[in-house]
Amino acid sequence: MTFQSRHRRAALALTIAIAGGLAAGCDNSNEFQAPPPPPVVVSQPQQRSVIDYATFTGTTSAADSVDIRAQVGGIIDDVPVDDGAPVEEGDLLFVINAESYTAARDAAQAQLDQAKAKQALADAKAQRIERSAADGAVSQLQAIEARAEAEVANAAVTVAERELAIKQLDLDYATVEAPRKGRIRKAGLGVGDLVAPSGDGGLLGTIFDDSEITVAFTVPDRVYLTAIRRAGGDESRRPPLIELGTEIDDGYPYTGGITYADPIVDEQTGTVRVEATVQNPDRQLVGGLFVRVRMPVETLPSAIVVPQVAIARDQVGPYVLVVGEGNVVERRDVELGGVDGADRVVRSGLSAEDSIVVSGLMRARPGAPVTPIPAESE
């Protein structure tokens, strides 16, 4: 039988007891009778194996992103993708002044063709003069000059080839393709806008690969040290799993693995920055969210567990009311652990034999007697 079932049955018994007290108070006798101690429902803490979790607030970001920048300048001719649309690697994103760069490439090709023609002519001329020089028809100086002209023509071909490569590269850069899969966020430039290949003026957009989401959060050094100690001091065996939920989720429906932890503790905050990666195949998570993160810290084989309704708080901290000797209420300050469903782990301040008040806390006062009504056992 759960704590909740026992509470409902005990509450019924508590109602009957209160009704009995009121009936007794209606006695017509003139003799004053002190009211009985107020009834409260008590139960003993459970003791069971519990995984102690630590909870944090984290922020999400796409696991990978890349800025798309123009490497040539000019007027944007075409933008075939919508802002925020999914893209595949190789998809055409922008076309920048393609006609002008195509013409420049074609002109460079023509110059190369011309240089090759001059090279062929100069080489043929040099060969003819070299043969004539060998027969003594012309001087050796003329042969050397002809060969030098052929080498100049060869160099001109090399220059033209390099110039063509540059113009072809410009033309390639004029058609901007997606370097990876993801979703694109454009920088606000459209058809007819002028783009410059430098500074922020060259930013065309950013592709976010959100098939995986990175979650960043900070862990108190005590929790971090506990986790490392649980791993036997081996930092490479950090707790591999985390659970994540957004503000509209019940519980923690997403799971991921810790991929990074800062090598030092922040002296200002006493925390360690941790990152985890969560698979996001359905794109339900996006970057920039504040999320709830739950991380297992350690397994407590014999944890003391009490209903959360039994825990009260004031300026001193959390406490539980215990019915002690003579049915007198005692205050017990407690150190709380993690949440386990509707229950809470108590790390210190209680034992499994204590009788704690689980219903009727408003009628119980430390130092005052009560009438304990046990919650039904299983």
Original post:
Linking I/L/V/M/F/W/Y whenever their side-chain heavy atoms sit closer than 4.5 Å, directly or via other members, would Leu361 and Val323 fall into one cluster?
Top reply: yes
Subject >> Close side-chain approach of Val339 and Gln308, heavy atoms under 4.5 Å >> reply: yes
Original post:
Going only through I, L, V, M, F, W and Y residues with side-chain contacts under 4.5 Å, is there a path from Val41 to Leu350?
Top reply: yes
Subject >> Shortest non-hydrogen separation from Ile184 to Asp83 and the atoms involved >> reply: O-OD1, 3.5 Å
**OP:** Return the minimal non-hydrogen interatomic distance between Pro369 and Pro38, and the atom names on each side.
**Re:** O-CD, 3.7 Å
Original post:
Should Val272 and Asp266 count as side-chain neighbours, where that means a heavy-atom distance under 4.5 Å?
Top reply: no
Subject >> Nearest heavy atoms of Gly188 and Asp193, plus distance in Å >> reply: O-OD2, 4.1 Å
Subject >> Side-chain donor or acceptor of Thr60 paired with backbone N/O of Val286 under 3.5 Å >> reply: yes
Subject >> Stepwise side chain to side chain contact (heavy atoms under 4.5 Å, CB included) test for Val345 and Leu336 >> reply: CA-CA 6 Å; Val345 175; Leu336 299 179; over 6 Å; no
Subject >> Donor-acceptor contact present, side-chain Arg365 to main-chain Met362, <3.5 Å >> reply: yes
Subject >> Minimum side-chain heavy-atom gap Pro220-Val223 below 4.5 Å >> reply: yes
Original post:
Hey, does Ser65 have a side-chain heavy atom less than 4.5 Å from the side chain of Asp209?
Top reply: no
Original post:
Where do Arg331 and Asp314 come nearest, in terms of heavy atoms and distance?
Top reply: NH1-OD2, 2.5 Å
Acceptor/donor pairs from residues 287-294 side chains to any protein atom, 3.5 angstrom cut, sequence neighbours excluded:
| from | atom 1 | to | atom 2 | distance (Å) |
| --- | --- | --- | --- | --- |
| Arg292 | NH1 | Gly251 | O | 3.4 |
| Arg292 | NH2 | Thr246 | O | 3.0 |
| Arg292 | NH2 | Asp249 | O | 3.1 |
| Arg292 | NH2 | Gly251 | O | 3.0 |
| Arg294 | NE | Glu243 | OE1 | 2.8 |
| Arg294 | NH2 | Glu243 | OE1 | 2.5 |

**OP:** Indicate yes or no for a side-chain donor-acceptor contact from Thr371 to the backbone of Pro37 under 3.5 Å, with no hydrogens or angles considered.
**Re:** yes
Original post:
If you round to the nearest 0.5 Å, how far is CD of Gln44 from OG of Ser351?
Top reply: 8.5 Å
**OP:** Say whether Ile68 and Val195 are linked into one hydrophobic cluster, either directly or through other cluster members, by side-chain heavy-atom distances under 4.5 angstrom.
**Re:** yes
Original post:
Is the backbone of Val81 close enough, under 3.5 Å, to the side chain of Lys186 for a donor and an acceptor to pair up by distance?
Top reply: yes
Original post:
Please walk me through it: do Arg105 and Asp170 pass salt bridge (charged side-chain N to carboxylate O under 4.0 Å, His left out)?
Top reply: CA-CA 8 Å; Arg105 189 275 312 273; Asp170 286 344; over 6 Å; no
Original post:
Is there a side-chain contact between Val66 and Thr206, using heavy atoms and a 4.5 Å cut-off?
Top reply: no
**OP:** State the CD-NZ distance between Glu149 and Lys125, to the nearest 0.5 angstrom.
**Re:** 5.0 Å
**OP:** Salt-bridge test for Arg147 and Glu145: reply yes if a basic N is under 4.0 Å from a carboxylate O, no otherwise.
**Re:** no
Subject >> Ile264 atom CD1: more than 12 heavy-atom contacts under 6.0 Å >> reply: no
Original post:
For the hydrophobic clusters of this structure (ILVMFWY residues joined by side-chain heavy atoms under 4.5 Å, transitively), does one cluster hold both Val370 and Tyr319?
Top reply: yes
Subject >> Arg344 side, atom CZ; Asp340 side, atom CG - distance, nearest 0.5 Å >> reply: 11.0 Å
Original post:
Is there side-chain contact between Ile242 and Thr255, with at least one heavy-atom pair below 4.5 Å?
Top reply: no
Original post:
In Å and rounded to the nearest 0.5 Å, what is the CD to CG distance from Glu177 to Leu92?
Top reply: 6.5 Å
Original post:
Roughly how far, to the nearest 0.5 Å, is CD1 of Ile144 from CD1 of Ile129?
Top reply: 12.0 Å
Subject >> Residue pair Glu212 / Asn280, side-chain donor-acceptor N/O under 3.5 Å >> reply: no
**OP:** Could you tell me whether the side chain of Thr175 and the main chain of Asp172 form a donor-acceptor pair under 3.5 Å?
**Re:** yes
Original post:
Around Arg222, counting heavy atoms of other residues, nucleotides and ligands shown, do more than 12 lie under 6.0 Å from its CZ?
Top reply: no
Original post:
How about Val322 and Val357: do any of their side-chain heavy atoms sit closer than 4.5 Å?
Top reply: no
**OP:** Report yes or no: do Asp250 and Tyr252 form a side-chain donor-acceptor pair below 3.5 Å?
**Re:** no
Original post:
Which heavy atom of Gly337 sits nearest a heavy atom of Asp52, and at what distance?
Top reply: C-OD1, 3.8 Å
**OP:** May I have the step-by-step check of side chain to side chain contact (heavy atoms under 4.5 Å, CB included) for Arg283 and Asp210, ending in yes or no?
**Re:** CA-CA 7 Å; Arg283 304 303 201 273; Asp210 55 4; 2.5 Å; yes
Subject >> Asp123 vs Gln119, side chain to side chain donor-acceptor pair (under 3.5 Å): CA-CA, chis, key distance, verdict >> reply: CA-CA 6 Å; Asp123 188 59; Gln119 177 196 41; over 6 Å; no
Original post:
Less than 4.5 Å apart, any side-chain heavy atom of Ile96 and any of Asp77?
Top reply: no
**OP:** May I ask you to decide if Ser139's main-chain N or O and Gln142's side chain share a donor-acceptor pair within less than 3.5 Å?
**Re:** yes
Original post:
Val219 and Phe56: side chain to side chain contact (heavy atoms under 4.5 Å, CB included), yes or no, with the steps?
Top reply: CA-CA 7 Å; Val219 177; Phe56 314 98; 4.0 Å; yes
Original post:
Taking a hydrophobic cluster as the set of Ile, Leu, Val, Met, Phe, Trp and Tyr residues connected by side-chain heavy atoms closer than 4.5 Å, whether directly or through intermediates, do Ile166 and Val159 fall within one such cluster?
Top reply: no
**OP:** Report the residues that fulfil side-chain hydrogen bond (donor to acceptor under 3.5 Å, both in side chains) with Asp78, sequence neighbours left out, ordered by chain and then residue number.
**Re:** none
Subject >> Trace of the side chain to side chain contact (heavy atoms under 4.5 Å, CB included) decision for Ile207 with Asp64 >> reply: CA-CA 9 Å; Ile207 292 179; Asp64 202 359; over 6 Å; no
**OP:** Apply the test salt bridge (charged side-chain N to carboxylate O under 4.0 Å, His left out) to residues Arg273 and Glu275: give CA-CA distance (whole Å), side-chain angles for both, the deciding distance (0.1 Å), then the verdict.
**Re:** CA-CA 7 Å; Arg273 185 177 182 274; Glu275 291 183 358; 2.6 Å; yes
Original post:
Donor-acceptor pair, Asp91 side chain versus Ala178 backbone, under 3.5 Å?
Top reply: no
Subject >> Nearest-0.5 Å distance that lies between atom CE in Met295 and atom CD1 in Ile258 >> reply: 5.5 Å
Original post:
Within a radius of less than 6.0 Å around CZ of Arg185, do more than 12 heavy atoms belonging to other residues, nucleotides or ligands occur?
Top reply: no
**OP:** Using atom types as modelled and distance alone, determine if a side-chain donor or acceptor of Gln71 lies under 3.5 Å from a backbone N or O of Tyr173.
**Re:** no
Original post:
Does atom CZ of Arg347 have more than 12 heavy-atom neighbours, drawn from other residues, nucleotides or ligands, at distances under 6.0 Å?
Top reply: yes
Original post:
If every non-hydrogen atom of Ala261 is compared with every non-hydrogen atom of Val274, which pair is closest and at what distance?
Top reply: CB-CG2, 4.2 Å
